[in-house]
Amino acid sequence: YNACIFMYKVTHNQVPYIFTEFFKYNRQFHQHNTRQKDHFHLPQIKTNQSKSFIKYSGPLIWKDMCRTIDKNCKISTFKKKVKLLLSLQY
């Protein structure tokens, strides 16, 4: 839940600048248009432990959330939708 809210705040520029530097978009790595240009770029990782870091897990969680939840809403609405989605999954 907290990672979802954090990623929402990252995409809406509601976190300190240092956190926005953790994440890059695919468009920053490609010179041509792709369907996923507006998605977060997944960093290369070397250990399984790195998969738990927000730099890696955040974009994965955000990608899954964006399939089912509209990310262009107010944070209060987003929180309700995330809670509902998580409660339906478990």
Side-chain angles (χ1 to χ4, degrees):
Y1 173 77
N2 290 332
C4 297
I5 303 307
F6 180 76
M7 292 306 295
Y8 175 91
K9 290 180 178 184
V10 167
T11 58
H12 290 85
N13 297 317
Q14 297 176 353
V15 293
Y17 178 74
I18 190 146
F19 293 117
T20 59
E21 287 297 305
F22 282 1
F23 308 101
K24 304 288 183 199
Y25 288 96
N26 284 332
R27 65 177 167 258
Q28 294 173 283
F29 293 90
H30 302 289
Q31 300 299 322
H32 52 281
N33 280 336
T34 64
R35 286 178 283 169
Q36 297 179 356
K37 67 181 178 187
D38 294 327
H39 293 187
F40 286 109
H41 182 76
L42 283 177
Q44 291 183 344
I45 57 170
K46 296 182 181 178
T47 64
N48 283 334
Q49 182 182 8
S50 300
K51 289 182 180 181
S52 64
F53 297 162
I54 193 70
K55 286 183 179 185
Y56 183 81
S57 63
L60 282 178
I61 292 169
W62 186 248
K63 182 177 168 185
D64 289 341
M65 287 292 144
C66 286
R67 291 181 187 160
T68 54
I69 297 178
D70 179 25
K71 61 183 178 185
N72 297 319
C73 58
K74 293 192 288 186
I75 192 163
S76 58
T77 306
F78 183 78
K79 286 179 179 181
K80 289 177 188 175
K81 290 180 180 181
V82 168
K83 285 180 184 178
L84 178 63
L85 180 66
L86 292 175
S87 69
L88 292 174
Q89 288 179 350
Y90 299 104

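No single ILVMFWY cluster, assembled from side-chain heavy atoms under 4.5 Å apart, contains both Val82 and Leu84. Clustering ILVMFWY residues whenever any of their side-chain heavy atoms sit less than 4.5 angstrom apart, transitively, puts Tyr1 in the very cluster that holds Leu85. In the hydrophobic cluster analysis, where Ile, Leu, Val, Met, Phe, Trp and Tyr join through side-chain heavy atoms closer than 4.5 angstrom, Ile54 is grouped together with Phe78.
Of the residues Phe22, Phe23, Tyr17, the one that meets the ring-ring contact (aromatic ring centres under 6.0 Å, His included) test with Phe19 is Phe22.
The number of heavy-atom neighbours closer than 6.0 Å to CD of Gln49, taken from other residues, nucleotides and ligands shown, is 12 or below. For Lys9, the NZ atom is loosely surrounded, since the number of other residues' heavy atoms within 6.0 Å does not exceed 12. A 6.0 Å sphere centred on CG of Leu88 holds more than 12 heavy atoms belonging to other residues, nucleotides or ligands. Atom CG of Asn48 has 12 or fewer neighbouring heavy atoms from other residues, nucleotides or ligands inside a 6.0 Å radius.
Checked by atom type and distance alone, the side chain of His12 never pairs as donor or acceptor with a backbone atom of Lys74 at under 3.5 Å.
Heavy-atom minimum distance, Tyr8 versus Ile75: OH-N, 3.2 Å. Taking all atoms of both residues into account, the shortest heavy-atom contact from Ser52 to Ser57 is O-OG, 3.7 Å. Closest non-hydrogen pair, Phe40 versus Val10, comes out as CZ-CG1, 4.2 Å.
Two rings, from Trp62 and Tyr25, have their centers 6.0 Å or more apart.
Taking 4.5 Å as the limit, every side-chain heavy atom of Ile45 sits out of range of all side-chain heavy atoms of Lys55.
Put simply, CD on Glu21 and CD1 on Ile18 are 8.5 Å apart, with the number rounded to the nearest 0.5 Å.
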